[in-house]
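Every chain is numbered from 1, with letters handed out A, B, ... down the list of sequences.
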Amino acid sequence: MIKITFPDNNVKEYPDGSTGLDIAKDISNSLAKEVLSVKINGEVWDATRPIDTDATIQLLTWKDKEGKSSFWHSSAHLMAEALESLFPGIKLGIGPAIETGFYYDVDSGDKQITEEDLPAIEKKMKELAGQNNEYRREEISKKDALKYFEEKGDEYKLELINELEDGTITFYHQGGFTDLCRGPHIPSTKFIKSVKLLTIAGAYWRGDEKNKQLTRLYGVTFPKQAELDEYLDILEQAKERDHRKIGKELELFMFSEKVGGGLPLWLPKGTIIRETLIDFLKKEQLQRGYVPVVTPHIGKKDLYVTSGHWEKYGSDSFRPITTPHEGEEYLLKPMNCPHHCEIYAYKPRSYRDLPLRIAEFGMVYRYEQSGELNGLTRVRSFTVDDAHIFCRPDQVKEEFLNVIDLVLHVFKTLGFKEFTTQISLRDPEDKEKYIGSDENWEKAERDIIEATEETGLETVTEIGEAAFYGPKLDFIVKDALGRPWQLGTIQVDYNLPERFKLEYIGDDNERHRPVMIHRAPFGSLERFMAVLIEHYAGNFPLWLAPEQVTILPISEKFHDYAVKVLNLLKNDDIKVTIDDRNEKIGKKIREAEVKKIPIMLIVGEKEQSTEEVAVRLHGKGDQGSLTMSSFKELFDKLMIESKSIN
RNA sequence: GCCGGGAUAGCUCAAUGGUAGAGCAGCGGUUUCGUAAAUCGCAGGUUGGAGGUUCGAUUCCUCUUCUCGGCUCCA
């Protein structure tokens with residue numbers, strides 16, 4: 001007998017070789033019908049795999065992340081089975097579960113699988129699922145595994161098996177399909193009730209550009225049709241929030257083929273939002289001891305040779321521009337920091353001057369591969385809310401803490417609650433990739449880790465994700481479609497001060513090297529705006545709204561009164577417009593609602609005679625009439641409330 | 001950069017190997033109106049660009065630009 005411990009610490013004995021499913025059945029039949037996989041001693045297993053030793057158990061269903069994962073992984077196998085049946089001779093790469101759904105990379109030879117094939121594959125998958133085939137695990141020797149795929153002629157699987165150790169290799173079978181797989185899988189295909197294949201895309205074998213490009217099929221499956229419908233509905237809604245769509249509808253920004261891809265043109269309304277954000281941050285920074293600077297958009301190539309950027313990224317950036325007569329080479333600036341280093345070096349610095357925090361909203365230009373450009377999230381020209389903090393080594397941690405506090409303040413004000421924080425360290429196995437001494441790297445990494453621990457931020461640590469000049473802390477927010485984007489960033493840099501030979505005179509009257517911290521709470525204004533647009537679905541809070549109030553006269557007879565109201569509000573720096581077209585009030589309201597203007601003031605006969613305005617709030621409807629002074633009080637109150645920090 | 005889609009009026013979209021149509025927007029009338037679309041009329045297009053096949057191309061082919069979904073990359 002084996003002792004099984006349940007999550008509530010109850011212990012029960014079962015015969016040797018009992019499976020998770022057996023144990024589930026012992027609890028209740030209805031539960032057994034929902035079990036997708038089980039967690040045995042912290043490891044996810046097939047529910048049908050016999051347990052031979054005492055163990056802790058957790059039954060995993062659709063409600064558990066790991067349960068979903070085994071469901072989708074099994075779905076990937078089901079799709080592979082369908083593909084083999086529809087496209088005989090197809091070769092399989094890898095087919096994992098992902099955050100939502102699964103994919104399989106396949107090599108279909110000369111036959112190109114296109115989107116038109118997807119419905120047929122879906123149909124086949126449903127047909128195979130209906131056969132109620134069991135997923136069966138088989139331990140297999142390396143020799144036999146190799147033999148199987150040699151006969152099948154699948155070089156991708158052979159490559160994978162060759163890297164595995166004998167004795168750890170398992171196959172999974174379902175219906176007429178066999179795959180090399182670590183598992184775990186769900187008990188049977190019958191759980192898979194609804195199937196949707198979403199997209200088809202190219203993907204390099206093992207993610208390496210040098211390898212052959214396979215066809216990747218993305219899909220998602222659910223245990224109930226209703227859940228698929230709900231998921232598709234959410235996808236549809238996400239599309240409605242897409243910043244590219246809203247940006248066009250609300251006339252925030254545009255792109256022009258003539259100007260070039262990835263070069264955003266900001267329209268008046270988008271510009272007002274940008275400038276409001278910039279003003280907000282400038283004010284915060286002023287209070288926190290930052291000083292402003294302005295530097296040009298170009299710099300001599302030599303500047304970037306000194307900084308090391310030319311060596312590292314020169315071949316992958318815009319070509320230098322040259323002066324007509326002397327032939328001097330200049331680069332569009334890919335970063336602001338080299339310019340800022342020169343500002344630091346402008347005069348001798350004392351330890352008393354530090355930390356020196358110089359800030360600039362600087363537009364930078366980077367060559368991004370054409371296939372990578374994406375709305376405002378990935379562009380070739382963007383504005384960094386940049387600042388470089390030059391400080392003494394003993395000030396690094398404190399400065400780091402100050403910056404974290406600023407980033408959190410920004411996020412809080414804008415109501416970003418769901419973000420992840422990532423510490424990126426260097427890969428100690430691959431030191432060649434980075435510049436700077438071991439000693440410097442170790443100190444920098446320690447400072448970051450300690451600072452985040454002190455603020456209590458929950459972080460994930462990624463080894464090998466550091467910038468080439470130093471470790472960093474990034475704040476990552478997801479867009480409407482769930483794609484993660486890095487926004488705020490704080491990066492320690494022991495390297496640039498070295499390269500620019502920056503110094504300060506310490507209290508010991510000796511020369512010392514300052515430490516540099518790069519930081520940008522928004523990261524890129526462009527990307528930040530994209531995420532912001534999707535976050536609010538275009539319904540900007542009052543303080544950010546490019547049009548805060550619009551006045552809607554009932555008819556032309558009340559235009560004079562409407563203009564009087566307009567001027568009163570303008571005097572209070574309220575962003576106000578008037579809709580004096582010869583249209584019915586219903587239409588004016590509709591259009592103001594569509595434009596997501598937070599406040600509408602309707603004025604007609606009644607308001608004119610009582611010197612009031614009828615207030616209507618976007619999405620909330622008619623709020624009744626107020627005198628001008630009461631309205632201004634309401635406006636001020638709404639302004640304060642519109643910052644999430646309150 | 002790579003794989004696969006796409007590009008038709010300002011916007012959203014329709015149509016066809018015989019040189020294009022709707023709604024909204026725009027412009028001109030009529031209407032002067034009370035909380036999400038009044039009404040009549042007019043105008044609007046080298047069907048992204050270049051080349052080719054064809055008697056004839058917006059449609060088929062090639063190249064190119066931009067764009068979308070991924071991959072790779074990302075200071």
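- Between A/L197 atom CG and B/G70 atom P there is a gap of 16 Å when expressed in whole angstrom units.
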Please list, pair by pair, any protein nitrogen or oxygen found under 3.5 Å from a nitrogen or oxygen in nucleotides 59-69 of chain B.
{"from": "B/U65", "atom 1": "O2'", "to": "A/E257", "atom 2": "OE2", "distance (Å)": "3.4"}
{"from": "B/C68", "atom 1": "OP1", "to": "A/R244", "atom 2": "NH1", "distance (Å)": "3.2"}
{"from": "B/G69", "atom 1": "OP1", "to": "A/R244", "atom 2": "NH1", "distance (Å)": "3.3"}
{"from": "B/G69", "atom 1": "OP1", "to": "A/R244", "atom 2": "NH2", "distance (Å)": "2.7"}
{"from": "B/G69", "atom 1": "OP1", "to": "A/R483", "atom 2": "NH1", "distance (Å)": "3.3"}
{"from": "B/G69", "atom 1": "OP2", "to": "A/R244", "atom 2": "NH1", "distance (Å)": "3.2"}
{"from": "B/G69", "atom 1": "OP2", "to": "A/N374", "atom 2": "ND2", "distance (Å)": "3.1"}

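- The ring-ring contact (aromatic ring centres under 6.0 Å, His included) search around A/Y304 returns none, not counting sequence neighbours.
- Taking 3.5 Å as the limit, the base of B/C3 and the side chain of A/R216 contain no donor-acceptor pair of atoms between them.
- Look at the P atom in both B/U65 and B/A50: the space between them is 15 Å, to the nearest Å.
- Using a 4.0 Å cut-off between a side-chain N of Lys or Arg and a carboxylate O of Asp or Glu, A/E591 and A/K595 do not qualify as a salt bridge.
- Using P as the reference atom, B/G48 and B/A7 are 8 Å apart when rounded to the nearest Å.
- If you find the closest nucleotide of RNA chain B to A/H309 and to A/T215, the one lying nearer the 5' end belongs to A/T215.
- Atom CD of A/Q213 is separated from atom P of B/G4 by 8 Å (rounded to the nearest Å).
- The pair A/D208-A/R206 does not meet the salt-bridge criterion, since no charged nitrogen lies less than 4.0 angstrom from a carboxylate oxygen.
- Rounded to a whole angstrom, the distance from the C1' atom of B/A15 to that of B/U59 is 11 Å.
- With sequence neighbours excluded, no residue forms a side chain to side chain donor-acceptor pair (under 3.5 Å) with A/K606.
- Side chains of A/T627 and A/E612: a donor-acceptor N/O pair is absent below 3.5 angstrom, by distance only.
- Classification of A/D242 and A/K248 as a salt-bridged pair fails, no side-chain N sitting under 4.0 Å from a carboxylate O.
- Checked for salt-bridge contact, A/D302 and A/K300 miss the test: no charged N lies under 4.0 Å from a carboxylate O.
- With both ends at atom P, the span from B/U47 to B/U30 equals 37 Å, rounded to whole Å.
- As judged by a 4.0 angstrom heavy-atom cut-off over every strand, A/Q369 is placed among the base-contacting residues.
- Pairing analysis of RNA chain B (Watson-Crick: purine N1 to pyrimidine N3 plus N6-O4 or O6-N4; G-U wobble: N1-O2 and O6-N3; both under 3.5 Å) yields stems of 3 or more pairs at B:1-7 with B:65-71, B:10-13 with B:21-24, B:26-30 with B:38-42, B:48-52 with B:60-64.
- Of the residues in residues 517-534 of chain A, none lies under 4.0 Å from RNA chain B by heavy-atom distance.
- With sequence neighbours excluded, the residues that form a ring-ring contact (aromatic ring centres under 6.0 Å, His included) with A/F475 are A/F411.
- Of the P atoms belonging to B/A25 and B/U62, the separation is 41 Å, rounded to the nearest Å.
- With hydrogens and angles ignored, a donor-acceptor pair under 3.5 angstrom links the side chain of A/Y204 to the base of B/G1.
- Within a 6.0 Å sphere centred on CD of A/E251, other residues, nucleotides and ligands contribute 12 heavy atoms or fewer.
- Using a 4.5 Å cut-off on side-chain heavy atoms (C-beta onward), A/T461 and A/L425 make contact.
- Using atom C1' as the reference point in both B/A14 and B/C40, the two lie 25 Å apart (nearest Å).
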Could you pull out all donor-acceptor pairs under 3.5 Å where a side-chain atom in residues 515-533 of chain A meets a protein atom, sequence neighbours excluded?
{"from": "A/H518", "atom 1": "ND1", "to": "A/H388", "atom 2": "NE2", "distance (Å)": "3.1"}
{"from": "A/H518", "atom 1": "NE2", "to": "A/D493", "atom 2": "OD2", "distance (Å)": "2.8"}
{"from": "A/R519", "atom 1": "NH1", "to": "A/Q285", "atom 2": "OE1", "distance (Å)": "2.9"}
{"from": "A/R519", "atom 1": "NH1", "to": "A/Y290", "atom 2": "OH", "distance (Å)": "3.4"}
{"from": "A/R519", "atom 1": "NH2", "to": "A/Q285", "atom 2": "OE1", "distance (Å)": "2.8"}
{"from": "A/R519", "atom 1": "NH2", "to": "A/D385", "atom 2": "O", "distance (Å)": "2.9"}
{"from": "A/S524", "atom 1": "OG", "to": "A/E526", "atom 2": "N", "distance (Å)": "3.2"}
{"from": "A/S524", "atom 1": "OG", "to": "A/R527", "atom 2": "N", "distance (Å)": "3.0"}
{"from": "A/E526", "atom 1": "OE1", "to": "A/T383", "atom 2": "N", "distance (Å)": "2.7"}
{"from": "A/E526", "atom 1": "OE2", "to": "A/R274", "atom 2": "NH1", "distance (Å)": "2.8"}
{"from": "A/E526", "atom 1": "OE2", "to": "A/T383", "atom 2": "OG1", "distance (Å)": "3.1"}
{"from": "A/R527", "atom 1": "NE", "to": "A/T377", "atom 2": "O", "distance (Å)": "2.9"}
{"from": "A/R527", "atom 1": "NH1", "to": "A/Q486", "atom 2": "O", "distance (Å)": "3.0"}
{"from": "A/R527", "atom 1": "NH2", "to": "A/T377", "atom 2": "O", "distance (Å)": "3.0"}

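- Contacts of residues 335-343 of chain A with RNA chain B (heavy atom under 4.0 Å): A/M335.
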Scan nucleotides 9-14 of chain B against the protein and return all N/O pairs shorter than 3.5 Å with their distances rounded to 0.1 Å.
{"from": "B/U12", "atom 1": "OP1", "to": "A/K248", "atom 2": "NZ", "distance (Å)": "3.3"}

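- The ring-ring contact (aromatic ring centres under 6.0 Å, His included) check on A/H297 picks up A/Y365, with sequence neighbours excluded.
- Using a 4.0 Å cut-off between charged side-chain N and carboxylate O, A/E99 and A/K478 make a salt bridge.
- A salt bridge links A/D105 with A/R216: the distance from a Lys NZ or Arg NE/NH1/NH2 to an Asp or Glu carboxylate oxygen falls below 4.0 Å.
- Annotation: side chain to side chain donor-acceptor pair (under 3.5 Å) contacts involving residues 308-321 of chain A, sequence neighbours excluded, comprise A/S307-A/H309.
- Taking a cutoff of 4.0 Å between a charged side-chain nitrogen and a carboxylate oxygen, A/E605 and A/K557 do not qualify as a salt bridge.
- Using C1' as the reference atom, B/G1 and B/G17 are 36 Å apart when rounded to the nearest Å.
- Salt bridge status for A/D447 with A/K443: present, with a side-chain N to carboxylate O gap under 4.0 Å.
- The interatomic distance linking A/Y365 (OH) with B/A75 (C1') rounds to 16 Å, in whole Å.
- Atom NZ of A/K301 has more than 12 neighbouring heavy atoms from other residues, nucleotides or ligands inside a 6.0 Å radius.
- Under the 3.5 Å distance criterion, with hydrogens and angles disregarded, no donor-acceptor pair is assigned to the side chains of A/Q422 and A/T420.
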Close N or O pairs between protein and nucleotides 34-40 of chain B (under 3.5 Å):
{"from": "B/G34", "atom 1": "O6", "to": "A/E605", "atom 2": "N", "distance (Å)": "2.8"}
{"from": "B/G34", "atom 1": "O6", "to": "A/K606", "atom 2": "N", "distance (Å)": "2.9"}
{"from": "B/G34", "atom 1": "N1", "to": "A/E607", "atom 2": "OE1", "distance (Å)": "2.8"}
{"from": "B/G34", "atom 1": "N1", "to": "A/E607", "atom 2": "OE2", "distance (Å)": "3.4"}
{"from": "B/G34", "atom 1": "N2", "to": "A/E607", "atom 2": "OE1", "distance (Å)": "3.4"}
{"from": "B/G34", "atom 1": "N2", "to": "A/E607", "atom 2": "OE2", "distance (Å)": "2.7"}
{"from": "B/U35", "atom 1": "O2'", "to": "A/R616", "atom 2": "NH1", "distance (Å)": "3.1"}
{"from": "B/U35", "atom 1": "O2", "to": "A/R616", "atom 2": "NH1", "distance (Å)": "3.1"}
{"from": "B/A36", "atom 1": "O4'", "to": "A/R590", "atom 2": "N", "distance (Å)": "3.4"}
{"from": "B/A36", "atom 1": "N7", "to": "A/R616", "atom 2": "NH2", "distance (Å)": "3.3"}
{"from": "B/A36", "atom 1": "N6", "to": "A/E593", "atom 2": "OE1", "distance (Å)": "3.4"}
{"from": "B/A37", "atom 1": "N9", "to": "A/R590", "atom 2": "NE", "distance (Å)": "3.4"}
{"from": "B/A37", "atom 1": "N7", "to": "A/R590", "atom 2": "NE", "distance (Å)": "3.1"}
{"from": "B/A37", "atom 1": "N7", "to": "A/R590", "atom 2": "NH1", "distance (Å)": "3.4"}
{"from": "B/A37", "atom 1": "N7", "to": "A/R590", "atom 2": "NH2", "distance (Å)": "3.4"}
{"from": "B/A37", "atom 1": "N6", "to": "A/R590", "atom 2": "NH2", "distance (Å)": "2.7"}

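- Just one of A/T100, A/L198, A/V220 meets the side-chain contact (heavy atoms from CB on, under 4.5 Å) condition when paired with A/L235; it is A/L198.
- Taking the C1' atom of each, B/A36 and B/G44 are spaced 28 Å apart, rounded to whole Å.
- If you check distances only, the side chain of A/R378 does reach the base of B/C73 with a donor-acceptor pair under 3.5 Å.
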